[in-house]
Amino acid sequence: MAYTIKDGCIICDSCRPQCPTGAIKPLVGSEGYWVDPTLCNNCEGLDVPLCSKACDVGALSPLVPKKGRYKSSLLPAAISDIFLSGKTTPFASSMVIWEACNILAQRHHLSWQTDTDGQHYYRRPVHRGRGEMRFRLAADPESETLMPMSAHQAQKAIAQFDIRATCLHLIFAAYAVTLSGPWEDSFVLNDQHIEQYLGLDKRKDLTKLEKLTLIKNLVYQSCQLLVTLDWPRQGKVKSFSLDEHPIWHLLNTEYYFETDAQGDRHLIGLGFTLRAGIWAKHFLNKRDYRNQTAFYQYGTLPQSLLSEVMSNWQQHEGAVRMLLWLLFKLRLGGDHRLTVRTLLRIAYGEERLVEATTVRGAHKRLLRTFESDLETIYYYGLKPLFDPETYPAEIQPLWSKVIDIPNDVDEALEFWVNDAHQSRSLTDTAPRDKWQRLINARLSGFELSEEWQQTVRRRAPRRRRKQSQPAEVVTLSGSAIKAARKRQNVTQRDLAKHLGKSQSWVRDVEKGRFNISAADHARLQQTLNIG
């Protein structure tokens, strides 16, 4: 329970130095103090809080939780500037934003180092070592002079990083895109905005103060990252170097209080004023991008990703890390080859990967966790495509085989009959060398959901010569494909094998769950003799 300062305070300043969390702060514009309830922890472990023990006049007392709804005309209206379509929104996606997202998600699993001054830093080479990004943590993100933490402080802060802070980081990146000069112009969010974006407004198990405390902690963690850039020349964009600066400037935190009949001041809202760092002048600059002297790098952020992070950050942290990494990785398309070793390192860190390969039995736990997290990604909407050469069916997870079982009773019976006559059945145990083969396996890419298809950067089509008689394009519907397949007496499994696809892909196409590419369209027409 947080404490509050009642009437009768003589402003002796005996309580403020005793507060271990810095929750007692001086009032702005008048004499006296106030207690930040998002910082006050009631001096956990002590029978009597230090501030109350130091107060001679008894002005400090427990803050009784406010009952009823939190409504006040003091709170500004929460008008959304992002996710206007309700599903996706543009966001800054440069390597600075990507690596900052990795730091917030992977935390101590990255290769942090300590310099000669005793300060913790993380170095990320860029463009094959021709440049670099260097990250450190600010001790106080609201201070005008941002001082980096010592190594001990930074290690402690990194260990306390909440992976949900990546959601705030991505939200800030989305707001930065809405500004013409984000390194000059600021943007304002309040707790109601953040509750809506993260789905916290639907959480009935959290009190208002608990929500505000969580939101403030996530915002502060996102604003602790400092970056130093040494960027090489790229095309016509000249090389540049930027001194250490925050990725997000936290310019001001506004507290909204409401006083009840007993004179207690209850925190009912928070407002944050932020501005992007000077990095945005080089990576989010429309004007100079037209002159080819700067970059303007952006992608598309699905709101469903924020919901997935907020709902699975505890049960499937590895899946959440992979999704956050894939948000940036898949910008150039969903057909990138990815090694399983890379995904394991992103999801669980290099140390756990080494442990799984050196400690007897450790690989079994990691294998189960990885396949469970991969299944979570599949049901979220990103379907892994297993490379047939390095990731064959015998080492694929069981769930990937079960989804190919048809829903139709007759087709399901045929599926099990065919499975029984194959050299390797669905119910057979995995080979003994599955782990060794898995860490050398690859994914061909991912089949993306409709929202994630918008995250793929569309390349400008090549100019083609005009055809005198353009070919007529026939659009195939899912029902037409299914009818043509049955006319040919071809099962979903046989059709998938002929096309080099999975049976679930054919089933999803027939149910109209996603659009077919031009190449697959032509192959289906040819295979099923559709004119």
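None of these values were measured; they are calculated from a predicted model. The analysis underlying the following values was restricted to heavy atoms, covering all of them including side chains, and did not include hydrogens, waters or symmetry mates.
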Grab the two heavy atoms, one from [X] and one from [Y], that are nearest each other, plus how far apart they are.
{"X": "G318", "Y": "A347", "answer": "O-CB, 3.6 Å"}
{"X": "S93", "Y": "G299", "answer": "OG-N, 3.3 Å"}
{"X": "L146", "Y": "D140", "answer": "CD2-O, 3.1 Å"}
{"X": "Q396", "Y": "P392", "answer": "CG-O, 3.1 Å"}
{"X": "P182", "Y": "A280", "answer": "CG-CB, 4.0 Å"}
{"X": "Q18", "Y": "L50", "answer": "O-CD1, 3.4 Å"}

If you define the side chain from C-beta out and look only at heavy atoms, does anything of [X] sit under 4.5 Å from [Y]?
{"X": "T38", "Y": "N217", "answer": "no"}
{"X": "L326", "Y": "I346", "answer": "no"}
{"X": "V227", "Y": "H245", "answer": "yes"}
{"X": "H282", "Y": "L229", "answer": "no"}
{"X": "K87", "Y": "Q303", "answer": "no"}
{"X": "L104", "Y": "L168", "answer": "no"}
{"X": "H120", "Y": "I158", "answer": "yes"}
{"X": "L448", "Y": "L382", "answer": "yes"}

Charged N to carboxylate O below 4.0 Å: is that the case for [X] and [Y]?
{"X": "D387", "Y": "R337", "result": "yes"}
{"X": "R437", "Y": "E394", "result": "yes"}
{"X": "R123", "Y": "E132", "result": "yes"}
{"X": "D373", "Y": "R321", "result": "no"}

(message) Below 30° counts as parallel, above 60° as perpendicular, anything between as tilted: where do the rings of H193 and Y197 land?
(response)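 The arrangement is parallel - the two ring planes meet at less than 30°.
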
(request) Apply side chain to side chain contact (heavy atoms under 4.5 Å, CB included) to W452 and L327, showing your working. (result) CA-CA 8 Å; W452 276 66; L327 174 66; 4.0 Å; yes

[atom1] of [X]: more than 12 outside heavy atoms within 6.0 angstrom?
{"X": "H152", "atom1": "NE2", "value": "no"}
{"X": "D433", "atom1": "CG", "value": "yes"}
{"X": "E351", "atom1": "CD", "value": "no"}

(message) What verdict does the side chain to side chain contact (heavy atoms under 4.5 Å, CB included) test give for R341 and N440, after you've listed the backbone C-alpha separation in whole Å, the side-chain angles of each residue and the deciding distance to 0.1 Å?
(response) CA-CA 7 Å; R341 186 186 296 269; N440 295 310; 3.6 Å; yes

Determine whether a donor-acceptor pair (N or O, by modelled atom type, separation under 3.5 Å) exists between the side chain of [X] and the backbone of [Y].
{"X": "R136", "Y": "M147", "answer": "no"}
{"X": "S222", "Y": "A165", "answer": "yes"}
{"X": "K216", "Y": "L270", "answer": "no"}
{"X": "E99", "Y": "R124", "answer": "no"}
{"X": "T390", "Y": "R442", "answer": "yes"}
{"X": "T166", "Y": "A105", "answer": "no"}
{"X": "K211", "Y": "E195", "answer": "no"}
{"X": "E142", "Y": "T253", "answer": "yes"}
{"X": "S372", "Y": "R368", "answer": "no"}
{"X": "Q224", "Y": "L137", "answer": "no"}

Which distance, rounded to the nearest 0.5 Å, do you find between the [atom1] of [X] and the [atom2] of [Y]?
{"X": "S143", "Y": "L250", "atom1": "OG", "atom2": "CG", "answer": "11.0 Å"}
{"X": "E308", "Y": "L324", "atom1": "CD", "atom2": "CG", "answer": "10.0 Å"}
{"X": "Y391", "Y": "L443", "atom1": "OH", "atom2": "CG", "answer": "6.5 Å"}
{"X": "S307", "Y": "K202", "atom1": "OG", "atom2": "NZ", "answer": "7.5 Å"}
{"X": "I247", "Y": "I278", "atom1": "CD1", "atom2": "CD1", "answer": "13.5 Å"}
{"X": "W112", "Y": "Q155", "atom1": "CH2", "atom2": "CD", "answer": "10.5 Å"}

(request) Show the numbers, then the answer: is there a ring pair (Phe, Tyr, Trp, His ring centres under 6.0 Å) between F83 and F91? (result) CA-CA 10 Å; F83 294 114; F91 80 112; 9.7 Å; no

(message) So, applying salt bridge (charged side-chain N to carboxylate O under 4.0 Å, His left out) with E317, which one of R352, R164, R107 is it?
(response)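 So the option named by the test is R107.
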
(request) Could you check K486, K482, R485 and say which one makes a salt bridge (charged side-chain N to carboxylate O under 4.0 Å, His left out) with E510? (result) R485

(request) Assess the side chains of Y122 and N102: does a donor N or O sit below 3.5 Å from an acceptor N or O? (result)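 Note: Y122 and N102 side chains miss the donor-acceptor criterion.
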
(message) Do Y380 and S304 pair up side chain to side chain, a donor and an acceptor below 3.5 Å, judged on atom types alone?
(response) yes

(message) Could you check, using the six-membered ring where one of them is a Trp, whether F272 and Y220 have ring centers closer than 6.0 angstrom?
(response)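 No, they do not, as the ring centres are separated by 6.0 Å or more.
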
(request) Using side-chain contact (heavy atoms from CB on, under 4.5 Å) as the criterion, point out the one residue from D201, L214, L200, L212 that pairs with D191. (result)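 When D201, L214, L200, L212 are each tested with D191, the side-chain contact (heavy atoms from CB on, under 4.5 Å) holds only for L212.
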
(request) Show your working on side chain to side chain contact (heavy atoms under 4.5 Å, CB included) between S94 and F295 and close with a plain yes or no. (result) CA-CA 9 Å; S94 66; F295 304 102; over 6 Å; no

(request) Could you walk me through whether V340 and F370 pass the side chain to side chain contact (heavy atoms under 4.5 Å, CB included) test, one step at a time? (result) CA-CA 10 Å; V340 172; F370 174 69; 3.9 Å; yes

(message) Here's a test for you: under ring pair (Phe, Tyr, Trp, His ring centres under 6.0 Å), which of F135, W231, W248, W98 qualifies with W279?
(response)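 Looking at F135, W231, W248, W98, the match for W279 under the ring pair (Phe, Tyr, Trp, His ring centres under 6.0 Å) is W248.
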
